Amino acid sequence: MEDAEKGPQEQPDSIPEVGEDAVTSVGPSPPPPPPAMTEEERQELQEELAKVEDEIQTLTQVLAAKEKQLADIKRKLGITPLNELKQNITKTWQEVTTSTAYRRTSETLSQASLKATAAFSNMGSAISRKLEDVR
C-alpha cells in the first residue's frame, strides 16, 4: 500500500491520465521559430511592418473624418436616426409584400378565409333550419 500513500504527487505531469487528451495535458505549443533570414531581409520586413501600420492609422483617421462628414450632412438634411429607421422599415415591408412567398401566402390565406366564411354561413343556415324544425 506504499504507492497509495504517495498519491498523485509522484506521478509525472507528462503522462496523460486515462481518457485525458494528450494535447490538453501538454498545453499550448510554443510558436514556431522564425524562418532563417538575413539581417537585411529582417530590416526590410520591419520597414514594411511600420509602413503598413502607418497606412492603417491613416485609413482609420480618414474613416473617422468621413463618418463625421456623413453625420454633418445628414444633420443638415434633417435625417435623424429615427427617420432612417422608419425608411428602412418601410422599405423592408415593401420588399416583403412584393415577394413571391408573401403573395402566395396572402392568396392562400384569402382563399382559406373565403372557404371558412362559406362554411360558417352554411353551418349557420343549417342550425337555423334545425331550430325552425324544432318549433
Side-chain angles (χ1 to χ4, degrees):
M1 273 308 218
E2 191 172 63
D3 286 334
E5 291 173 9
K6 291 181 184 177
Q9 296 167 343
E10 301 224 356
Q11 294 179 348
D13 288 339
S14 62
I15 300 173
E17 294 290 323
V18 175
E20 183 180 2
D21 191 321
V23 173
T24 58
S25 66
V26 173
S29 60
M37 62 177 75
T38 66
E39 186 58 35
E40 183 180 332
E41 290 173 326
R42 182 172 174 72
Q43 184 63 32
E44 285 177 10
L45 285 176
Q46 287 291 342
E47 290 172 7
E48 185 177 352
L49 175 65
K51 181 182 174 186
V52 170
E53 287 174 339
D54 286 345
E55 289 173 351
I56 290 171
Q57 181 66 29
T58 301
L59 290 171
T60 301
Q61 292 169 351
V62 169
L63 179 60
K66 290 293 183 183
E67 288 175 336
K68 184 179 183 302
Q69 182 183 7
L70 175 69
D72 288 343
I73 292 170
K74 284 183 176 181
R75 183 182 45 76
K76 288 176 184 176
L77 290 173
I79 299 173
T80 64
L82 182 59
N83 288 342
E84 283 185 288
L85 179 62
K86 287 178 184 177
Q87 289 174 351
N88 288 342
I89 290 172
T90 301
K91 181 182 175 192
T92 302
W93 180 247
Q94 200 170 27
E95 290 171 355
V96 166
T97 57
T98 58
S99 71
T100 304
Y102 178 85
R103 284 193 312 240
R104 286 182 182 162
T105 303
S106 179
E107 290 169 7
T108 302
L109 290 175
S110 179
Q111 291 172 0
S113 173
L114 291 174
K115 290 179 181 179
T117 301
F120 285 129
S121 177
N122 288 340
M123 187 171 57
S125 297
I127 291 172
S128 294
R129 283 194 301 270
K130 287 290 183 183
L131 289 175
E132 287 176 6
D133 289 346
V134 170
R135 288 186 201 174

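Being a predicted model, the structure only gives us computed values, none of them experimental.
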Trainee: Testing Arg42, Glu44, Met37 one by one against Glu40 for a side chain to side chain contact (heavy atoms under 4.5 Å, CB included), which residue passes?
Mentor: Glu44
Trainee: What distance separates Lys130 NZ from Ser125 OG, expressed to the nearest 0.5 Å?
Mentor: 13.5 Å
Trainee: Between Thr97 (side chain only) and Trp93 (backbone N and O only), is there a donor and an acceptor less than 3.5 Å apart?
Mentor: yes
Trainee: Please check if atom CD in Glu55 has more than 12 non-hydrogen atoms from other residues, nucleotides or ligands closer than 6.0 Å.
Mentor: yes
Trainee: Is the closest side-chain heavy-atom distance between Leu77 and Lys74 below 4.5 Å?
Mentor: no
Trainee: Going from NZ on Lys51 to CD on Glu48, what distance comes out if it is rounded to the nearest 0.5 angstrom?
Mentor: 7.5 Å
Trainee: Do Ile89 and Leu85 make a side-chain contact, defined as non-hydrogen atoms from C-beta onward lying under 4.5 Å apart?
Mentor: yes
Trainee: Starting at CG of Leu109, measure out to CG of Leu114 and round the result to the nearest 0.5 Å.
Mentor: 11.0 Å
Trainee: Take Gln43 and Glu47 through the test side-chain contact (heavy atoms from CB on, under 4.5 Å) and record every step on the way to the result.
Mentor: CA-CA 6 Å; Gln43 184 63 32; Glu47 290 172 7; 3.4 Å; yes
Trainee: Given Arg103 and Thr100, is the side-chain contact (heavy atoms from CB on, under 4.5 Å) satisfied, shown in steps?
Mentor: CA-CA 5 Å; Arg103 284 193 312 240; Thr100 304; 3.6 Å; yes
Trainee: Between side-chain atoms of residues 59-73 and protein atoms elsewhere (two or more places apart, or another chain), which donor-acceptor pairs fall under 3.5 Å?
Mentor:
unit_1	atom_1	unit_2	atom_2	d
Thr60	OG1	Ile56	O	2.8

Trainee: If only atom types and distance count, is the side chain of Thr58 paired as donor or acceptor with the main-chain N or O of Asp54 below 3.5 Å?
Mentor: yes
Trainee: To the nearest 0.5 Å, what is the distance between CD on Glu84 and NZ on Lys86?
Mentor: 12.5 Å
Trainee: Can a donor-acceptor pair be found, under 3.5 Å and without considering hydrogens, that links the side chain of Thr117 to the backbone of Ser113?
Mentor: yes
Trainee: Rounded at 0.5 Å granularity, tell me how far OG in Ser128 sits from CE in Met123.
Mentor: 11.0 Å
